[in-house]
There are 2 protein chains.
Amino acid sequence: MKISDVAKRTGLDAKTIRYYESIDLVDSPPRRENGYREYTEQGIQQLGFLRKARKFGFSINECRALLALWANPNRRSAEVHGLVTEKVRDIDVHILELKSMKKMLSDLLAQCPGDDSPSCAIISKLAAE
Amino acid sequence: MKISDVAKRTGLDAKTIRYYESIDLVDSPPRRENGYREYTEQGIQQLGFLRKARKFGFSINECRALLALWANPNRRSAEVHGLVTEKVRDIDVHILELKSMKKMLSDLLAQCPGDDSPSCAIISKLAAE
DNA sequence: CTTGACCTTATACTTACTATAAGGTTTACA
DNA sequence: TGTAAACCTTATAGTAAGTATAAGGTCAAG
């Protein structure tokens with residue numbers, strides 16, 4: 001299977017697939033005589049796994065760990081559990097930060113007339129000592 | 001005032017201040033005879049403004065626009081209002097994405113034993129077709 | 001037989017810094 | 001007076017996770 005077909009099937013961009021190969025996140029697939037990459041089911045599965053893991057918010061390095069755990073039949077599910085628990089905590093922190101930013105901005109919005117006048121609580125707040 | 005003092009006063013790192021100057025986000029301050037940057041109140045105010053705008057989540061380019069609006073006595077507060085409204089929308093989208101990720105991960109966590117066994121709903125989900 | 005859609009590589013760009021190297025200056029202290 | 005720490009300077013490279021571009025080779029259709 002050629003790279004563009006793999007791209008279609010996995011939902012990844014062909015460039016992204018080459019990029020993952022370049023950083024050794026996935027194995028290099030064999031090549032045809034003309035140099036084109038020829039993917040096996042194995043490689044396609046890996047890329048599909050990556051697609052999903054990335055969508056779940058895991059970083060490339062976390063994906064590396066997850067791929068290794070996936071490949072290891074002696075893995076302890078506790079390890080996966082730990083990794084994911086930490087990721088959920090990260091997400092929580094991130095959400096709280098965003099909520100705080102949103103609240104501050106919304107409060108300021110309510111005080112800014114939003115008309116043709118130059119006076120604006122937002123600018124004032126940013127300029128405040 | 002020297003750069004490290006400005007850093008202390010604004011809460012920005014000295015390197016960040018030099019970086020902001022290198023991308024023309026702020027005016028280059030005058031120099032002493034020895035080549036050291038000598039900041040005026042003007043420059044310090046700008047940097048303080050940037051610090052706050054960045055903490056509110058504005059990108060460097062949005063900060064550029066905000067700085068211009070701040071400097072413009074004929075600004076229309078509607079412009080600031082629009083910029084901030086859009087930012088709040090961005091934040092909302094981001095929060096929703098994170099919440100969705102969190103929910104999916106939490107659901108999977110509940111199904112993963114988290115013990116010494118290799119079977120794990122998380123890995124299975126990622127590997128699923 | 002040529003046009004367009006693929007494929008290849010290498011390189012640069014993106015965001016917003018952060019780190020490093022290699023050197024010059026100033027300040028504190030013995 | 002010497003020297004060592006703590007500044008300051010610049011230029012360059014690295015980070016995350018791709019995306020874009022250039023320059024070229026290959027393949028299928030009309």
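Below, chains carry the letters A, B, ... as their sequence lines are ordered, and counting in each starts from 1. Since this is a predicted model, take the numbers as computed values, not measurements. Side-chain atoms are counted along with the backbone in the values below, which use heavy atoms only and exclude waters and symmetry mates.
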**Prompt:** Which atom names give the shortest non-hydrogen contact between Pro113(A) and Ser77(B), and what distance separates them?
**Reply:** CG-OG, 3.4 Å
**Request:** Return the value, rounded to whole Å, for the distance between atom NZ of Lys55(A) and atom P of dG18(D).
**Result:** 13 Å
**Prompt:** Quick one: on DNA chain D, does Tyr36(B) or Asp13(A) contact a more 5' nucleotide (nearest heavy atom)?
**Reply:** Tyr36(B)
**Prompt:** Does a distance-only test, which skips hydrogens and angles, find a donor-acceptor pair under 3.5 Å between the side chain of Tyr20(A) and the base of dG18(D)?
**Reply:** no
**Message:** Heavy atoms only, 4.0 Å cut-off, all strands: where does Arg32(B) land among base, sugar-phosphate and nothing?
**Reply:** nothing
**Request:** Applying salt bridge (Lys or Arg N to Asp or Glu O under 4.0 Å), name anything that partners Glu38(A), two or more places apart in sequence or on another chain.
**Result:** Arg32(A)
**Request:** Mind calculating the distance between CG (Leu25(B)) and C1' (dC17(C)) to the nearest angstrom?
**Result:** 12 Å
**Request:** Report yes if a side-chain nitrogen or oxygen of Thr16(A) is closer than 4.0 Å to either non-bridging phosphate oxygen (OP1 or OP2) of dT19(D); otherwise report no.
**Result:** yes
**Message:** Applying a 4.0 Å non-hydrogen cut-off, can you work out what Ile3(B) is touching in the nucleic acid: base, sugar-phosphate, or nothing?
**Reply:** sugar-phosphate
**Message:** Rounded to whole Å, please give me the gap between CD1 in Ile23(A) and C1' in dT15(D).
**Reply:** 13 Å
**Fill in**
Here the distance between atom C1' of dC8(D) and atom CD of Glu33(B), to the nearest Å, is 15 Å
**Item:** Leu67(B) versus Leu50(B), closest heavy-atom pair with distance
**Value:** CD1-CD2, 3.8 Å
**Request:** Respond yes when some side-chain nitrogen or oxygen of Asn34(B) is under 4.0 Å from OP1 or OP2 of dT26(C), and no when none is.
**Result:** yes
**Message:** Students often get this wrong, so: under 4.0 angstrom with heavy atoms, is Arg18(B) touching a base, only sugar-phosphate, or nothing?
**Reply:** base
**Message:** Can you tell me if Arg31(A) touches the phosphate of dC7(C), counting only side-chain N or O atoms and a distance under 4.0 Å to OP1 or OP2?
**Reply:** no
**Asked** Rounded to the Å, how far apart are Ile17(B) CD1 and dC8(D) P?
**Response** 10 Å
**Prompt:** Tell me: NZ of Lys8(B) to P of dC8(D), nearest whole Å?
**Reply:** 8 Å
**Request:** Scan Met1(B), Glu21(B), Lys2(B) and name whichever one has a side chain to side chain contact (heavy atoms under 4.5 Å, CB included) with Arg37(B).
**Result:** Glu21(B)
**Request:** Step through the shown structure and confirm whether more than 12 heavy atoms of other residues, nucleotides or ligands are within 6.0 Å of NZ on Lys125(B).
**Result:** no
**Prompt:** Can you tell me how far C1' of dT15(D) sits from OH of Tyr19(B), to the nearest Å?
**Reply:** 13 Å
**Spacing between Lys15(B) atom NZ and dT9(D) atom C1', to the nearest angstrom** = 13 Å
**Message:** Need one value for Arg37(B): base, sugar-phosphate or nothing, where a base atom within 4.0 Å counts as base even if backbone is also close, heavy atoms only.
**Reply:** sugar-phosphate
**Item:** Contact under 4.0 Å: Ser4(B) side-chain N or O vs dC8(D) OP1/OP2
**Value:** yes
